[in-house]
Amino acid sequence: VKIDDARNVNEIFDGISYSKGSCLVRFLTMYLGKNKFRDGMRQYMNDNKWKNTTSIDLWNAFSTQTKDDTVLNIMKDWTSQMGYPVITVSKTDKGIKLQQNKYLKTGPNTDPALWIIPVQIYVTDDQETADISILMNKTKEMEIQGNFKQVIVNPDREGFYRVMYDNIDINMEELHISTQKQIVSDLVAMCFTGYQSISKFFSVITKIDISSMTNYNFLSTILSNTIRTYTLLKNHSELQLLVKRYIEKYQLRRVIELLEKIGWEDLPTDSINDANLRPLLINFLGQLDNKYAISKARELFEKKTYKYILPIIGMHARREEYHKLLSLFDTETINNPQIKDDIIEALGEIRDPDILDEIISDVLWNKIREQDVWHQMKVLSLNKHATTKLWNYITFRNGNGEYENWNRILKKFIPGSSGLTYIVKVIAGGFTTNIELDKYIAFFTERPVGTDMSIRQTIESTKSKITSIDRIVADSEFKSLLSK
């Protein structure tokens, strides 16, 4: 990656760079096998010690293990092309067909990019099961013959690609919980990006009995994405209400039962699964404004038991609770630094307009520590009652036409700093309309040094979010499912 200014380093080597890199390492380990991967890494380190290298040097080291150029041919496209593919799996008269396309969050596209893809397939027929490994060359389609009863592509999720099942029914009960999670995760991605109707994901809710599920990873995928749909529809109250009723019909009772079973408070005997599950379930109920959750949160708040429940307190805070939350900064964070983030979340969830004005104009600058300002802005932007207030404050122009508050931010966070990079992203976190996006684009016609990539990513992700909302609102199949 070419870097023209040292201040651009923080935004170029961001979470995307490291996440994609780790996925490709796992992908390559699967293809080579652990021993060959280890030996290739050893050779790379020995051959290039005290030297600068490029990615080609790494691929060449692995190629000595395979005795050919396969690794080089595979990896050059994965590192030089943006994005990754989605493989569509469909049944044919003779077996199954695999088709690759570039996966984009904006939805189906005509991008011609193709990859060489090592593909793992788990299949069953009437007699036996089998694992099939193939190398899908840079071709649009390929067929695999056989009379398959069950077909799972990328069963261990080691391949760096999405999977979409077209005309294939999967018996989830026969699969390991991790494979179920992978299938649902891919389905969620397909639905939110327009490759499939969002109704397909919500149909899964009715087919999977979560009353028998306690696995955090699986439940997180299901519950977080139903809530995600609900919150995306904040400007579409009638459809949002239908979603809420659907969630209450198929998920609410089980969530409450599970939370009652593991308890609202941490226990010394908690498993890692239960420790992760507890905040997930509490947040789920809080986002739905569940009366039971509100009552329980207030009960714990009065007992000075604050963990996990402060965001719910914030959502329904009156002036008295607001002042209590502020006082916790001075009393609780001294002995319990972890509670700081919960207080920030709670303040960001407040709905009272007068209190929000006070938080944005005063608390944000005089109570919140500098390194946490971006976090407070993030939660405020995601709060539909504060989204516009925060934006109007940041873009306020005084009598001289100067962006008074934005200039204050630029003085506090120097160009190229991670704080400024985060801020330009999070202040648009709650944007869900083209009008809001247009204002963001117009404001950042001139961009601070070190923020260009972050702003471009924010524009693209916001466009994708708006497109997802438009698809969901226009999806007649989804509305029909919710109305049943």
Side-chain angles (χ1 to χ4, degrees), residues 184 188 191-192 198-199 201-206 208-211 213-214 216 218-265 276-301 306-318 321 342 345-352 378-387 429-430 432 465 468-469 472-473 478-479 481-484:
V184 173
V188 166
C191 291
F192 278 103
I198 190 70
S199 63
F201 168 60
F202 272 72
S203 294
V204 168
I205 296 173
T206 65
I208 295 178
D209 180 15
I210 67 169
S211 65
M213 299 287 182
T214 58
Y216 164 75
F218 182 79
L219 284 175
S220 176
T221 303
I222 293 285
L223 299 180
S224 62
N225 283 294
T226 51
I227 287 296
R228 175 186 175 190
T229 308
Y230 174 74
T231 54
L232 279 176
L233 295 171
K234 64 182 184 180
N235 295 322
H236 303 274
S237 56
E238 290 185 10
L239 186 56
Q240 188 184 51
L241 181 59
L242 287 176
V243 172
K244 182 178 181 179
R245 288 174 177 169
Y246 194 87
I247 293 171
E248 290 174 339
K249 180 178 180 180
Y250 290 104
Q251 294 180 326
L252 184 62
R253 179 182 60 82
R254 174 53 184 158
V255 168
I256 292 175
E257 287 176 354
L258 186 53
L259 182 55
E260 285 291 294
K261 181 179 178 181
I262 65 174
W264 282 70
E265 300 178 54
N276 288 326
L277 200 53
R278 184 173 291 108
L280 171 71
L281 301 177
I282 292 174
N283 178 67
F284 179 86
L285 296 175
Q287 291 295 326
L288 291 172
D289 287 336
N290 177 259
K291 291 181 179 179
Y292 159 72
I294 297 168
S295 174
K296 186 69 177 180
R298 283 179 170 158
E299 175 189 322
L300 292 171
F301 189 62
Y306 303 124
K307 199 168 185 182
Y308 308 131
I309 57 95
L310 291 183
I312 299 178
I313 296 299
M315 291 176 195
H316 307 280
R318 298 176 288 265
E321 284 111 349
D342 288 348
E345 294 279 339
L347 293 173
E349 293 282 10
I350 286 174
R351 298 171 181 177
D352 183 287
K378 176 183 178 181
V379 190
L380 286 166
S381 182
L382 291 171
N383 176 358
K384 70 176 183 180
H385 303 277
T387 308
T432 56
K465 186 199 305 182
S468 292
I469 293 169
I472 293 171
V473 171
F478 183 48
K479 291 177 183 176
L481 176 70
L482 297 177
S483 300
K484 287 182 180 178

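What you see is a predicted model; the values in this text were computed from it and never measured.
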*asked:* With a 4.0 Å cut-off on N to O distance, would you call Glu299 and Lys296 a salt bridge?
replied: yes
*Is any side-chain heavy atom of Gln251 closer than 4.5 Å to a side-chain heavy atom of Ile222?*
yes
*Got a donor-acceptor contact below 3.5 angstrom from the Thr387 side chain to the Ser381 backbone?*
yes
*Is a side-chain donor or acceptor of Tyr246 paired with a backbone partner of Phe202 at a separation under 3.5 angstrom?*
yes
*Side-chain contact, heavy-atom cut-off 4.5 Å: Thr226 with Phe284?*
yes
*Is Gln287 close to Glu349 at the side-chain level, that is, under 4.5 Å between some pair of heavy atoms?*
yes
*Heavy-atom check, side chain of Leu252 versus side chain of Ile247, under 4.5 Å*: no
*Is any side-chain heavy atom of Phe478 closer than 4.5 Å to a side-chain heavy atom of Val243?*
yes
*asked:* Tell me whether Lys244 contacts the main-chain N or O of Tyr230 through its side chain, where contact means a donor paired with an acceptor under 3.5 Å.
replied: no
*Do His385 and Ile350 come within less than 4.5 Å of each other through their side chains, counting heavy atoms only?*
no
*asked:* Using modelled atom types and a 3.5 Å cut-off, is there a donor and acceptor pairing between side-chain atoms of Asn225 and backbone atoms of Thr221?
replied: yes
*Exam field: side chain Asp342 to backbone Lys307, donor-acceptor pair closer than 3.5 Å*: no
_Just to verify, which of Ile282, Leu223, Leu258 counts as forming a side-chain contact (heavy atoms from CB on, under 4.5 Å) with Leu277?_
Leu258
